[in-house]
Amino acid sequence: MRKVRWHKLKVYNTLSGDKQTLDLNPEVSMYVCGPTTYNYIHLGNARPLVVFDTVRRYLEYKGFKVKYIQNFTDVDDKIIQRANELGQDPLELSNFYIEQYFADADKLGIIRADVHPRVSEHIEDIIVAIKTLIDKGYAYELNGDVYYRVKAFAEYGKLSGRSLDDMLAGARVEVDMRKEEAADFALWKSAKPGEPYWESPWSKGRPGWHIECSVMSTRYLGDTVDIHGGGSDLIFPHHENEIAQAEAITGKPFVRYWMHNGFITVNKEKMSKSLGNFFILRDILDRFPADVVRYYLVATHYRSPLDFDDGKLEEAGRALNRLKTTLILAEEFKAGGGAEVESAGGKGLELEEKINGLRKNFIEAMDDDFNTARAIGYLFEMSHQLNIFIADAAREDKQNQEAIRRTGKIFYELGSVLGIFTAPAVDSDSVSEKLLPIFGQLRNQARQEKNYALADDLRNWLSSQGIAMEDQQEDSRFRYDHLPEPNVLIEKLLALRAEFKKNKVYIQADFIRDSLQERGIIIEDTREGVRFKIVEK
RNA sequence: GGGCGGGUGGCGAAGAGGCUAACGCUGUGGUCUGCAAAAUCACCAUUCACCGGUUCAAAUCCGGUCCCGCCCUCCA
């Protein structure tokens, strides 16, 4: 296989404790620890999803082919406990939350992994791995349980940077005295009555937590994986144990680059299930657009802590809006004119040069340990340059349009690498969306007639519905995250029509009626009042 | 106690020996607008927790002090 060296791409490797130049083949393997599925995921769980999705997108942008694996822990004490409380089957419960997980992850624009392996589907592989560990002297059985013999693995502690002695000395856990060493951890646990189990040479039981990732990672990605990611709280013991297991079995390095993201905090305290200070992602997504949440997560470097509160998301929304406005402005600038010119000229060339320079900066930032925070800074500078050009340049000029087409594309692509331009557009076929131009035309008529009371009323009312109306030369631009139900808009239009009729402004009244009719909304004047129905078109 | 990371303007956040300390939010004033919004222009840290030191040069390196978070237990 061709060996490509990317001298520039650096990553902070937890294992070495410093930034290293990534030395990767054209095909990169990534394994990211996924959730234990006994609940909806919270915002803290969402950070690694977005972080490593962004790493993946960037590697792909650079031309690597990424094989991406993310597991689900669907066999676990917590799941069993929760299932018992609810009187449900543990695997069914887990299955439900896996589906919910995908719904959330999709909203955030997380690209699906090539494989999402589950523990329950790899019990056989796990049993084989445990057998091997016992055979090699790295594990021992104890009344149906199997433990990993930490002392047998000389390099134990190399990831988390601690020595076995320290751990034994400072152990705060209740120690099972049967174990050879306090630090030995379970590979196989025998089932208590009522617990789900699988047959094994040692007992009816289930795997310990750590073995699954060692097994599934090597199963899908080979003995050595390029990048293994997860939250920093997994460094010890989870990832430390993964190394001990996998390397004891294969005799090869398990992972080349370990990446760990920092935590989301609330009032500077780690957001965690045990502290109870967590926010369910779904609840947040009900209140804020998904692209805003993603922007918020990616606007800070992945290893830094990130504090959460609503104000931070509101700020993220305003900031992202600035970027998205440029997208809109560029689209409007190009509108009408086809790109029939080969090159941009004059000022357009200058713009291209600036944008290309900023693109280079963006790439340098991302090459330096995926510094999305700095990269976003360059995105804002691009946005600024584009806005200036759009404000000054003649939009009939084909060369100018070509310049915007090219530079706008770069801007859009880079934003997409971060995943912040990927929010699904509001359904453009929706009835509500089709109704908006009627408001636009009414407002413009009013403005032309200098009927500012009406013009302002229209804008204010829409604003109260969460729709911003921004005037341009001839028409108005609408901006919104959600649209109200069609009925709400229709009622408003009918109220306006009634007002027009009262004032005997029949042209306007009829304009509303006709416009609605064109969109498949029939209105009927009856003695009791106005009725309307929406007919499918 | 051991290990890791951090303290930068009103807020958030980059920068890790040498350009005016990015960028965003907020705020102020101007342009544009019927008024707005959006856009745009200008302004907003002589200073980077504190004290010493190295250096021609330090927010960035070294030593010390004070704070804060995280891991060492299930956790992303």
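Every chain is numbered from 1 and lettered A, B, ... according to where its sequence line falls, protein lines coming before strand lines. These numbers come from the heavy atoms of this one structure, side chains and all, not from hydrogens, waters or symmetry mates. Bear in mind the structure is a predicted one, so any value in this text is a computation, not a measurement.
- Remark: C1' of B:C70 and CD1 of A:I235 are 9 Å apart, rounded to the nearest angstrom.
- Here A:S272 lies in heavy-atom contact (under 4.0 Å) with a base.
- In this structure, A:S274 reaches the bases: a heavy-atom distance under 4.0 Å links it to at least one base atom across the strands shown.
- Closest to the side chain of A:R459, from the set B:C35, B:A76, B:G34, is B:C35.
- Closest to the A:R47 side chain, of the nucleotides B:A76, B:C71, B:A14, is B:A76.
- What separates CG of A:L43 from P of B:C75 is a distance of 19 Å, to the nearest Å.
- Among the atoms of the strands shown, base atoms are found under 4.0 Å from some heavy atom of A:G44.
- In this entry the distance linking CG of A:D471 with P of B:A39 reads 15 Å, nearest Å.
- Put simply, the side chain of A:K270 and the base of B:C75 share a donor and an acceptor less than 3.5 Å apart.
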Any chance you could lay out the side-chain hydrogen bond (donor to acceptor under 3.5 Å, both in side chains) test for A:Y31 and A:E242, step after step, and finish with the verdict? CA-CA 12 Å; A:Y31 186 96; A:E242 281 184 41; over 6 Å; no
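- Evaluation of atom-type donor-acceptor distances gives no pair under 3.5 Å for the side chain of A:R303 against the base of B:G69.
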In B/S/- notation (B base, S sugar-phosphate only, - none; protein heavy atoms under 4.0 Å), nucleotides 15-27 of chain B written 5' to 3' is S------BSBSS-
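- For the P atoms, the distance from B:A36 to B:C43 is 24 Å, rounded to whole Å.
- Comparing B:U46 with B:C19, their C1' atoms sit 16 Å apart, to the nearest whole Å.
- When the nucleotides B:U40, B:C71, B:G34 are ranked by their closest atom to the side chain of A:I388, B:U40 comes out on top.
- As rounded to the nearest Å, B:C71 and B:U65 have P atoms that lie 25 Å from one another.
- Taking atom P on both B:G34 and B:U28, the two are 23 Å apart, rounded to the nearest angstrom.
- Between B:A36, B:A39, B:G12, one nucleotide has an atom nearer to the side chain of A:L329 than all others, and that is B:A39.
- Between the CG atom of A:N241 and the C1' atom of B:C74 there is a distance of 13 Å, given to the nearest Å.
- Of all heavy-atom pairs between A:E180 and A:D184, the closest is CB-OD2, 3.6 Å.
- Taking the C1' atom of each, B:A22 and B:A13 are spaced 10 Å apart, rounded to whole Å.
- With hydrogens and angles ignored, a donor-acceptor pair under 3.5 angstrom links the side chain of A:D456 to the base of B:G34.
- Taking atom CE of A:M469 as the reference point, atom C1' of B:U33 lies 15 Å away to the nearest angstrom.
- Proximity note for A:E470 (side chain, C-beta onward) versus B:A39, B:C74, B:A37: the nearest is B:A37.
- Using modelled atom types and a 3.5 Å distance limit, the side chains of A:D369 and A:Y302 yield a donor-acceptor pair.
- Residue A:N387 places at least one side-chain N or O under 4.0 Å from the OP1 or OP2 atom of B:U40.
- In this model, no donor atom of one side chain and acceptor atom of the other lie less than 3.5 Å apart for A:S120 and A:R118.
- Remark: of the listed residues A:L306, A:V293, A:I280, A:D283, A:V293 is the sole one forming a side-chain contact (heavy atoms from CB on, under 4.5 Å) with A:L43.
- Taking atom C1' on both nucleotides, B:C62 is separated from B:G17 by 13 Å, rounded to a whole Å.
- Here the P atom of nucleotide B:C74 and the CG atom of A:L275 are 15 Å apart, to the nearest Å.
- Going from atom NE2 of A:H239 over to atom P of B:C71 covers 15 Å, rounded to whole Å.
- OP1 and OP2 of B:G6 both lie 4.0 Å or more from every side-chain N or O belonging to A:K268.
- Between the side chain of A:E240 and the main chain of A:K158, a donor-acceptor pair closer than 3.5 Å is present.
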Would you sort out whether A:D53 and A:R56 count as a salt bridge (Lys or Arg N to Asp or Glu O under 4.0 Å), showing the intermediate values? CA-CA 5 Å; A:D53 180 68; A:R56 173 202 196 152; 5.1 Å; no
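- For the C1' atoms, the distance from B:C67 to B:C51 is 15 Å, rounded to whole Å.
- A:G262 comes within 4.0 angstrom of a nucleotide base, judged by non-hydrogen atoms across all strands.
- Counting any heavy atom pair closer than 4.0 Å across all strands shown, A:L234 reaches sugar-phosphate atoms only and no base atom.
- Cation-pi geometry between A:R112 and A:F102 is met: under 6.0 angstrom from the ring centre, within 45 degrees of the axis.
- The side-chain contact (heavy atoms from CB on, under 4.5 Å) with A:R443 is formed by just one residue from the set A:D457, A:D471, A:L454, A:L462; it is A:D471.
- In this structure a side-chain-to-backbone donor-acceptor pair under 3.5 Å is missing from A:Y296 to A:G317.
- For the residue pair A:H42 / A:N45, a side-chain donor-acceptor distance below 3.5 Å is found, with atom types taken as modelled.
- Across all strands, A:D392 comes closer than 4.0 Å to no nucleic acid atom at all (heavy-atom distances).
- No donor-acceptor contact under 3.5 angstrom links the side chains of A:Y412 and A:E331, judged on distance only.
- Nearest-nucleotide positions on RNA chain B place A:K450 closer to the 5' end than the other of A:I264 and A:K450.
- Taking only side-chain nitrogens and oxygens, A:S304 comes nearer than 4.0 Å to OP1 or OP2 of B:A14.
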So what is the 5' to 3' dot-bracket string for RNA chain B, if pairs are Watson-Crick or G-U wobble with both distances under 3.5 Å, crossing pairs use [ ] and | means the partner sits on another strand? ((((((((.[[[..)..(....]]].(((((.......))))).....[[[[[..)....]]]]])))))))....
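- Among the protein residues, A:T265 comes within range of no part of the nucleic acid, since none of its heavy atoms lies under 4.0 Å from any strand.
- The aromatic rings of A:F72 and A:H116 sit parallel to each other, their planes meeting at less than 30°, with 60° as the upper class boundary.
- B:U33 atom P lies 11 Å from atom CZ of A:R447, rounded to whole Å.
- Straight-line distance between the P atoms of B:C25 and B:A16: roughly 24 Å, to the nearest whole Å.
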